[in-house]
Protein chains: 2
Amino acid sequence: MDFQEAHDILTNHLKASGKHRATPERFAILDAVLQSQGHFDAESLYYRMITNGVKVSKATVYNTLEILQDCGLVSKYRFAENTSRYEKAFGRPHHHHMICLNCGDIIEFVNDKIERIQEEACNEKNFKVQSTTIQIFGTCSKCTKRP
Amino acid sequence: MDFQEAHDILTNHLKASGKHRATPERFAILDAVLQSQGHFDAESLYYRMITNGVKVSKATVYNTLEILQDCGLVSKYRFAENTSRYEKAFGRPHHHHMICLNCGDIIEFVNDKIERIQEEACNEKNFKVQSTTIQIFGTCSKCTKRP
DNA sequence: CTCGGTGCAAATGCTTTGCAATGTC
DNA sequence: GACATTGCAAAGCATTTGCACCGAG
């Protein structure tokens with residue numbers, strides 16, 4: 001994980017937008033995201049930062065996650081619950097999710113064939129893709145074994 | 001659209017559950033859903049019913065939409081916004097959505113190949129599928145033409 | 001007659017907002 | 001300096017809940 005490269009992406013994005021400023025909070029939040037594993041929500045990222053002695057407000061966390069999403073450093077998902085989940089997208093292949101409705105486990109999977117078919121379908125309809133999400137809800141193998 | 005058949009599905013589902021009762025409100029909500037076109041949210045379904053002189057509470061609408069989802073008569077989605085969207089699923093093929101980030105238009109599409117590949121991917125991971133959602137975000141052809 | 005369901009209204013919890021203070025550019 | 005950004009705390013808003021009454025089985 002190359003922090004410097006991620007910082008550069010954010011810096012360029014902020015500059016390119018014309019009226020965004022490079023604040024320490026934004027880079028601190030990016031760092032916290034880069035250190036994260038798997039999926040997290042805004043709240044827990046906030047608490048992790050506070051616990052680590054980084055000063056931020058929740059409002060800034062939400063705001064910055066939005067910006068990080070805009071420049072592709074973070075992906076945002078909404079699974080079953082009422083909370084948005086995020087994950088770092090930097091240095092990771094595009095993937096999708098199987099969500100176990102029993103234990104809440106999230107299994108990631110990559111599939112090039114689907115990717116290609118989606119593209120075809122969009123070309124057919126002259127739809128210009130920006131991002132795609134596939135969510136498969138069901139029961140994971142662990143939960144199928146032990147009821 | 002066969003109302004009777006849908007009613008039967010609901011009746012059986014309620015009976016099968018063992019402790020759900022067949023109340024007039026539940027069937028009234030099912031009827032309102034069957035009369036709907038495209039996607040709607042709980043609020044607008046509620047207001048449509050009230051306007052038509054059907055007496056229900058919002059709580060019951062939410063509760064019943066959950067039940068209708070359980071028996072496959074309704075599908076629930078969460079697109080970009082903060083509101084859950086529903087659509088009737090009775091007598092409709094399984095399909096997915098392209099969401100235009102510009103005008104909010106939702107384009108439905110069906111693709112058997114994707115369906116099959118998803119199944120394969122799940123078999124590989126011993127994941128028992130219950131439902132799948134594909135969401136493609138981007139710009140529709142209309143919006144691409146006129147900026 | 002029993003207990004699940006209904007309808008309010010109030011509560012919940014995630015997310016956004018208003019505003020004064022702050023710090024980039 | 002100008003004005004975007006921050007940090008609170010308060011507001012918003014979709015959804016859920018608590019509770020007394022109602023009615024299906």
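Below, all heavy atoms of this structure are taken into account, side chains as well, without hydrogens, waters or symmetry copies. From a predicted model like this one, the values you see are computed outputs, not experimental measurements. Numbered from 1 within each chain, the chains take letters A, B, ... in sequence-line order.
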With rounding to the nearest 0.5 Å, note down the distance linking [atom1] in [X] to [atom2] in [Y].
| X | Y | atom1 | atom2 | answer |
| --- | --- | --- | --- | --- |
| A:Y62 | A:Y46 | OH | OH | 11.0 Å |
| B:H7 | B:F90 | NE2 | CZ | 10.0 Å |
| B:Y86 | B:H39 | OH | NE2 | 13.0 Å |

Roughly, in whole Å, what's the span from [atom1] in [X] to [atom2] in [N]?
| X | N | atom1 | atom2 | value |
| --- | --- | --- | --- | --- |
| B:I29 | C:dG7 | CD1 | P | 8 Å |
| B:L30 | C:dG5 | CG | C1' | 17 Å |
| A:E81 | D:dT16 | CD | P | 13 Å |
| A:L65 | D:dT6 | CG | P | 12 Å |
| A:K19 | D:dT5 | NZ | C1' | 14 Å |
| B:K15 | D:dA24 | NZ | C1' | 13 Å |
| B:M49 | C:dT6 | CE | C1' | 13 Å |
| B:Y46 | C:dT6 | OH | P | 14 Å |

field: Pairwise salt bridge (Lys or Arg N to Asp or Glu O under 4.0 Å) hits with a residue in residues 120-138 of chain B, at least two apart
entry: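 Every salt bridge (Lys or Arg N to Asp or Glu O under 4.0 Å) pair that includes a residue of residues 120-138 of chain B, provided the two are not neighbours, is A:K113-B:E120.
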- request: Scan residues 77-87 of chain B for pairs that pass salt bridge (Lys or Arg N to Asp or Glu O under 4.0 Å), counting only residues two or more places apart or in two chains.
  value: B:D41-B:R85, B:E87-B:R92
- request: Please name all residues satisfying side-chain hydrogen bond (donor to acceptor under 3.5 Å, both in side chains) with B:R26, sequence neighbours left out, ordered by chain then number.
  value: none
- request: List for me each residue that meets ring pair (Phe, Tyr, Trp, His ring centres under 6.0 Å) alongside A:Y47, sequence neighbours excluded, and say none if there are none.
  value: none
query: At what angle, to 10 degrees, do the two end axes of the helix from C:dC1-D:dG25 to C:dC25-D:dG1 meet, given five pairs define each axis?
result: 40°
message: Treating primed atoms plus P, OP1 and OP2 as sugar-phosphate and everything else as base, which nucleotides of nucleotides 14-25 of chain C get B, S or - for protein heavy atoms under 4.0 Å?
response: SBBB-----BBS
message: side-chain hydrogen bond (donor to acceptor under 3.5 Å, both in side chains), that's the test. Do A:Q4 and A:D8 meet it? Break it down for me.
response: CA-CA 6 Å; A:Q4 190 53 55; A:D8 290 348; 3.1 Å; yes
message: Quick check: closest heavy atoms across B:L14 and B:A22, and the distance to 0.1 Å?
response: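 So the two residues come closest at CD1-CA, 3.9 Å.
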